[in-house]
Protein chains: 2
Amino acid sequence: MRLTERKIAATLRQHGYKLTPQRRAVMRTIASTQDHLTPAAIYQKVHKDHPSIGLVTIYRTLDILAKLELICELHAGGSCRSYTVGARGHHHHLICSNCGEVIDFTGYDLTQLEQRLSRQTGFEIEGHLLEFIGLCQNCQKND
Amino acid sequence: MRLTERKIAATLRQHGYKLTPQRRAVMRTIASTQDHLTPAAIYQKVHKDHPSIGLVTIYRTLDILAKLELICELHAGGSCRSYTVGARGHHHHLICSNCGEVIDFTGYDLTQLEQRLSRQTGFEIEGHLLEFIGLCQNCQKND
DNA sequence: TATATAAATGATAATAATTTTCATTTACAA
DNA sequence: TTGTAAATGAAAATTATTATCATTTATATA
Ligand SMILES: [Mn+2]
Ligand SMILES: [Mn+2]
Ligand SMILES: [Zn+2]
Ligand SMILES: [Zn+2]
């Protein structure tokens, strides 16, 4: 079942956030489409109904909604990049959210899943991204 | 086995790229650490040995190395964001690299792997990111 | 080894994305 | 109602990324 504006609003309330017209507008926009939207795209849509809204409010609202896991952040290609040496061959990553340490791991095969998805959706799949985020041992010690 | 500067250089050659001191310096820097580094961080490191290098050259070199899969791009938290409504509960994504369409999929469980990784590395894993990138049916038709 | 030439570089500017600051407004608890 | 902390929007500041273009350079080949 999809998340409605009403549902989102309730969760905001539960967490002590005020329910402003601007936030409603952002929620409505996001809840009204399957697309993934950049902050700028959301701004443009919201702006139609709510011409006085500021882009900053979009960013702030998105941060809150993401923190509450009401929306989710995607990391497709393009910007937002950092690099590490490529271990030989295909592999995946384990990333420390605190210090940025990256551990490569191999031996986990996603081709079965890839084929299933391709069959089910008609997508021609070119690649994938599998990353685990957490705290490395060091960063656990130092709180 | 880790990728050495020498190995990287050979691959560059094979693909018809010239071997410049700047590129060597970038390769050396990347090959010399396990860390993942932002373009800015790489620039700072390279800049020490090679004060005249331009940041633009870093970007250009990284693009090439990524294209040749000698390094890999990470998408941890932070910037590079676009949003989609959260389907009820945890799910993963299939993203069209051309038009940006996103399909959520569920029913793929990574907790086994997560536990294995946690045991092996001592990481306290907080979450993960699993995304497949490809072309949706529409974008396949329209080339 | 000298030379021709396409490729690469770096300075600079342009663009785009994101965050900070701060004075003003507003949601909502009491 | 009213008080107050929270939220907003304008503007500026930062930061990331890309485009342009004159100059330099790696390297194939004579
Ligand atoms: Mn993989
Ligand atoms: Mn998952
Ligand atoms: Zn760490
Ligand atoms: Zn598409």
Side-chain angles (χ1 to χ4, degrees), chain A residues 5 8-29 36-68 71 73-83 100, chain B residues 5-6 8-29 36-68 70-71 73-83 100:
Chain A
E5 181 191 344
I8 301 177
T11 308
L12 269 193
R13 264 247 171 64
Q14 277 169 28
H15 288 80
Y17 292 100
K18 290 183 179 176
L19 221 43
T20 67
Q22 292 90 339
R23 283 177 181 168
R24 284 179 190 286
V26 171
M27 297 182 305
R28 189 174 316 123
T29 297
H36 73 130
L37 302 168
T38 62
I42 293 168
Y43 174 68
Q44 285 177 9
K45 279 172 178 278
V46 172
H47 193 260
K48 285 175 192 159
D49 287 359
H50 210 293
S52 71
I53 199 170
L55 179 55
V56 194
T57 296
I58 305 289
Y59 275 105
R60 287 190 282 226
T61 304
L62 292 175
D63 283 347
I64 292 168
L65 296 180
K67 188 170 301 175
L68 298 180
I71 58 178
E73 212 173 306
L74 299 183
H75 296 268
S79 38
C80 174
R81 304 178 298 186
S82 67
Y83 296 87
Chain B
E5 183 192 343
R6 183 177 298 267
I8 300 177
T11 307
L12 269 192
R13 265 246 170 66
Q14 276 168 31
H15 287 79
Y17 291 101
K18 290 184 179 176
L19 221 43
T20 68
Q22 292 91 339
R23 285 177 179 167
R24 284 178 190 286
V26 172
M27 296 181 305
R28 190 175 315 124
T29 297
H36 72 131
L37 301 169
T38 62
I42 292 168
Y43 174 68
Q44 284 176 9
K45 280 172 178 277
V46 172
H47 193 261
K48 285 175 192 159
D49 288 359
H50 210 294
S52 72
I53 199 170
L55 179 55
V56 195
T57 297
I58 305 289
Y59 275 104
R60 287 190 283 226
T61 304
L62 292 175
D63 283 347
I64 292 168
L65 296 179
K67 187 170 301 175
L68 298 179
L70 292 168
I71 58 179
E73 213 172 305
L74 299 182
H75 296 268
S79 38
C80 174
R81 303 178 298 187
S82 65
Y83 296 88

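Letters go in sequence order (proteins before strands), and every chain restarts at 1.
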Rounded to whole Å, please give me the gap between [atom1] in [X] and [atom2] in [N].
X: B/Leu12; N: D/dA26; atom1: CG; atom2: P; value: 14 Å
X: A/Leu55; N: D/dA12; atom1: CG; atom2: P; value: 16 Å
X: B/Tyr59; N: C/dT12; atom1: OH; atom2: C1'; value: 16 Å
X: B/His15; N: C/dA7; atom1: NE2; atom2: P; value: 16 Å
X: B/Ile64; N: C/dA8; atom1: CD1; atom2: P; value: 6 Å
X: A/Leu62; N: C/dA17; atom1: CG; atom2: C1'; value: 13 Å

From NE2 (A/His47) to CD1 (A/Ile58), nearest 0.5 Å: 9.5 Å
Closest to side chain of A/Val56, choosing from D/dT17, C/dT12, D/dA11: D/dA11
Selected nucleotide, minimal atom distance to A/Ser52 side chain, candidates C/dG10, C/dA17, D/dG9: D/dG9
Sugar-phosphate, base or nothing in reach of B/Arg23, heavy atoms under 4.0 Å: sugar-phosphate
Divergence of helical axes at both termini of the helix from C/dT1-D/dA30 to C/dA30-D/dT1 - five pairs an end, 10° steps: 40°
Base-contact (B) and sugar-phosphate-only (S) positions in nucleotides 24-30 of chain C, heavy-atom cut-off under 4.0 Å, - elsewhere: ---BS--
